[in-house]
Every structure is written in C-alpha cells, then in structure tokens.
Amino acid sequence: MSVRSVLTIAGSDSSGGAGIQADLKTFAANGCYGTSAMTALTAQNTTGVQEVHAVPPGFVEKQIQSILVDIETHAIKTGMLYDAENVRAAVKALSGHYDRASMPPLVCDPVCVSTSGHSLLHPDAIQALADDLFPLSKIITPNKSEAELLLAHCGMALKITSLDDMIIAAKNLLRFGSQAVLLKGGHVVASMGDIFDVDPKSDIEVVSHGLPLENMEILRVGETENLWPRLVVDVLCESGTEPRAVKTTLFIRPFIHSSSTHGTGCTLSAAIASRLACKDERLPLPQILLPRVRVLLVAKSNTFDSIGRATQTIINVLKEIATHKSFCKSYGITEDMLKRTPEVAATSAYGAYLIDIGLQGDTTKLLMALLACLLGYGEVGLWLKKEAARPASWVVLEGNPYKPWMDDYSGEGYQGAVKMGLELIEACAAADPPSKARYKEWNEVWQRCTRLEKGFWDAAMAAA
Ligand SMILES: Cc1ncc(COP(=O)(O)O)c(N)n1
C-alpha cells in the first residue's frame with residue numbers, strides 16, 4: 001500500500017502540544033504522511049493562549065487547493081478554524097475539489113475553547129460549522145463544553161453532567177448532519193455503576209479498553225455498592241441506514257489523573273483521521289506479505305538469472321492471490337469481506353518472522369523460510385490427490401468446493417514451482433557450501449517456519 005496522506009486544516013500551537021503540530025505528529029505516529037493548511041497562528045503555551053493571529057480566508061483556501069491538486073489525500077481533519085470566514089474558506093476549497101461522493105473521510109473536531117479557557121472560535125462561526133462543515137463530516141468529535149455550546153445553538157439547553165446526558169447529547173448532535181458523533185468523556189464523571197445501569201435491551205454496545213468487562217467485581221474499590229473507580233466514557237453515536245436507527249457505542253477506560261491534557265482532543269481526532277485514511281486499504285497480511293518478502297529475494301539477487309527467477313516467483317504469487325480471491329468469491333466471500341477480516345495471531349506471527357528473516361541478509365536463509373510454505377502446499381496437494389484416488393476414499397472430489405484448490409496445488413504449474421524451488425536451494429547450497437553452524441541455522445529456520453506454517457493451518461481448522 002502506498003503511504004496514506006492526511007490533511008489537517010487547523011491552527012498552529014507554538015508550544016507544540018495541540019493544533020497542527022499535534023496533528024502532524026499523530027499522523028506520523030500512525031504511519032501516515034501529514035499535510036497542513038493553517039487557519040490561525042497562536043502564541044500559546046501550556047498555561048494559556050497569549051495571542052491569536054488569524055490567517056486570511058483567501059490564503060486558507062489557497063493552501064488547501066495547493067495540497068489537493070498535488071497530493072492524493074485519504075482523510076481530512078479540521079481543528080481550530082477561528083472564524084466563520086475561515087470555516088467557509090475551508091468548505092469552499094474542499095467542495096471545489098471533491099463532489100460529495102468522492103470526498104475522503106472528514107473528521108471535524110469542533111474546537112471552540114482551549115483547555116486553558118481561551119476562546120479559539122468566534123461565536124458566529126458556529127452557524128457556519130453547523131450549516132456547512134458538519135454535513136460533510138464523517139464524524140464530529142466535541143467535548144462536553146463544545147457539545148453544550150452546539151446544542152444551545154439549536155435551542156437545546158442541556159447541561160451534560162451524567163452518562164445519560166452524554167448519550168442524549170450525542171444523539172441530538174447527529175441532527176447537525178454528520179454521519180457520526182463522538183462525544184468525548186473525561187469531563188463527565190462516570191463509573192462502572194453507570195455502565196451496569198445501561199439497559200441491556202437498549203442496543204447500546206459497551207467496548208472496554210483494558211477493563212475485564214466480564215469480571216468487573218474485581219474493580220470495586222470498597223465494600224459499599226457505589227465505590228467504583230472513575231471511568232472515562234466516550235459516547236459514539238452513528239446514524240444508521242434507516243432514518244431513526246442510531247447505533248450507540250460506549251468506549252470505557254479507567255480515568256487517568258493528569259494535568260497533561262493539553263492537545264489530547266486534537267491528538268484523538270488526528271488519530272481517528274489517520275485510521276480512516278488507512279481503512280479498507282490495508283490488505284490482510286498473507287495477501288500482501290508474500291510478494292513483499294519475495295521482493296526482498298529479488299533485492300538480494302546478484303545475477304540476471306537469479307533476479308529473473310525471483311521476479312517470476314512474485315508473478316506466481318500474485319497469480320496465486322488472484323486465484324484465491326476467485327475461490328473465495330465462489331464461496332460467497334467478497335473482496336471487501338477479505339479486506340475487512342482481521343488476521344489471526346498465527347498469521348501475524350508467521351508473517352513477522354518471514355519479514356525478519358528477509359531483512360537479515362542471507363539469501364539462502366530467506367529461501368529456506370519461503371520453501372516451508374511452497375513445499376508444504378505442494379505436499380498437501382499431492383497427498384490429497386493420492387488419497388482421492390483410493391477406492392471409497394474420505395476425499396471426495398466430485399462436488400467438493402475445494403476441488404479447484406486441490407487441483408491447483410497438485411497440478412503441473414504448482415509442482416513445477418516446487419521443483420524449481422528445490423533446485424534453487426540446492427544450487428545456492430552447492431555454490432556456497434555452509435559451515436556446520438550456518439547449516440544448523442538454516443535447519444532452525446526450516447523447522448521454525450514449518451511450525452509456524454502448521455499454526456497457520458491449525459488456526460484455519462479451529463475457525464472451521
Ligand atoms: C491551535 C490550537 N488548536 C486546538 C487547541 C485545543 O487544544 P486543547 O483543548 O487541548 O487546549 C489549542 N489549544 N490550540
């Protein structure tokens with residue numbers, strides 16, 4: 001996958017903890033390339049905002065245009081927009097470049113007031129946010145005071161003091177037209193008692209980070225019923241396909257007492273934008289990994305002949321992936337489902353080991369690691385073919401959905417590749433006969449890969 005780009009349209013924080021600076025660091029930490037359009041300069045530090053210098057709206061628009069015409073952008077986040085004119089300039093630049101359907105996911109953090117209490121948004125900008133920006137947004141991420149301000153703007157006077165209030169507020173904020181609302185906790189005191197009070201029939205899902213949901217009793221800090229530790233609960237409301245269907249998820253975590261909260265909101269929304277930028281594009285490891293490991297093999301080759309052979313194996317793997325996708329399709333598994341399926345731990349372990357061996361430098365060792373897979377499939381293919389040929393065999397080929405799979409691995413093409421792999425490793429070993437110690441190393445790689453390969457097959461069996 002090419003590096004994913006994320007654009008932040010936000011203010012600069014001279015102290016580096018919030019705003020554009022926090023966003024760019026968060027994009028980088030999430031493996032994304034960050035671009036930025038600045039809406040305002042702030043002179044601020046962790047104690048407060050000393051001065052704000054707005055960027056002219058025409059220049060906000062220009063910065064966004066310059067980025068979008070040149071750099072493919074996979075997600076966008078907005079932070080401090082400062083005033084109505086800058087909100088409109090951002091919307092104009094985005095709508096001028098994308099139509100509704102082609103716009104990458106937009107995360108809108110409606111920054112209104114800094115943690116230190118300084119206003120970062122002119123009051124007249126709220127109307128522009130609500131009218132022009134929220135409807136374009138995949139998600140808006142207000143905190144308690146921003147949510148109260150936004151709701152007051154549409155005539156709903158709600159002081160958010162409990163988890164119930166948060167859920168009501170988040171649902172109502174969906175009225176502004178974003179696809180989802182994440183109302184951030186932290187400022188609202190909540191505890192496990194509140195989570196227990198959630199009606200199990202209410203369709204509200206609870207997702208816990210680092211808390212054993214099934215064994216909450218161990219968290220109780222005192223004998224009395226209500227002595228639970230404080231929690232942070234973030235409330236996510238997503239509008240459904242049906243007009244009235246709203247999905248609500250509560251993300252719960254233990255509260256961390258800290259004064260280092262400057263920029264936490266910017267960081268969270270930038271992290272969400274980064275993950276959205278990568279969503280659906282990160283192929284499951286096995287699909288992407290084999291070609292990548294084999295590219296390492298090409299890189300280690302030092303003759304035209306060996307470069308050609310290693311390149312051919314990449315083409316073979318790509319063909320194999322295409323065949324597997326079409327098998328999956330015939331079993332009713334779409335490409336989209338494949339992309340969304342998280343890899344099992346056995347696959348991650350195998351993949352990480354292959355990449356590691358590939359980076360270590362020894363071509364024969366890498367070949368050895370790859371052969372465990374190549375030969376394993378070849379052996380299984382031949383074995384199943386032999387079993388199927390026996391009278392009244394347990395392997396019935398007729399009508400078997402895996403017949404094309406078995407034919408493939410026992411067939412001439414794949415068996416030819418197995419033969420080539422074996423010849424290649426023999427040739428490598430003959431050209432550079434290993435010392436006893438090196439031979440032992442190869443042997444260990446082979447055994448380890450075989451074990452990892454078995455783990456990978458067992459994981460499939462366990463899921464079946
Ligand atoms: C430029 C800029 N953007 C956003 C924030 C909000 O961050 P926080 O609420 O953590 O002060 C900030 N202080 N400065």
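All ligand and atom numbering here is 1-based and tracks the order in the structure. What's counted below: heavy atoms across the whole structure, side chains too, no hydrogens, waters or symmetry copies. Numbering of residues begins at 1 and proceeds along the displayed sequence.
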Looking at [X], which atoms of ligand 1 are within less than 4.0 Å of one of its heavy atoms?
{"X": "M80", "value": "1 (C), 3 (N)"}
{"X": "G11", "value": "1 (C)"}
{"X": "S12", "value": "1 (C)"}

Nearest-neighbour protein heavy atom for [atom], which is reported as residue plus atom name and distance:
{"atom": "atom 5 (C) of ligand 1", "value": "L120 CD1, 3.6 Å"}
{"atom": "atom 9 (O) of ligand 1", "value": "T115 OG1, 2.9 Å"}
{"atom": "atom 10 (O) of ligand 1", "value": "G263 N, 2.5 Å"}

Any N or O of C266 closer than 3.5 Å to N or O of ligand 1: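 In this structure, C266 places no N or O atom under 3.5 Å from an N or O of ligand 1.
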Quick test of your reading of the structure: of H118, M38, Q21, Q44, whose heavy atom lies closest to atom 12 (C) of ligand 1?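 Among H118, M38, Q21, Q44, the closest heavy atom to atom 12 (C) of ligand 1 belongs to Q44.
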Can a side-chain donor-acceptor contact be found between [Y] and [X] if the only test is distance below 3.5 angstrom?
{"X": "S162", "Y": "D164", "answer": "no"}
{"X": "H262", "Y": "D13", "answer": "yes"}
{"X": "Q127", "Y": "H153", "answer": "yes"}

Are any of the side-chain nitrogens in D23 or K77 under 4.0 Å away from the carboxylate oxygens of its partner?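 So D23 pairs with K77 through a salt bridge.
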If we only count heavy atoms from C-beta on, is the [X] to [Y] side-chain gap below 4.5 Å?
{"X": "L231", "Y": "D194", "value": "no"}
{"X": "I333", "Y": "K325", "value": "no"}
{"X": "F176", "Y": "S137", "value": "no"}

Part of A18 with heavy atoms under 4.0 Å of ligand 1, whether side chain, backbone, both or neither: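 Looking at A18 and ligand 1, just side chain atoms fall under 4.0 Å.
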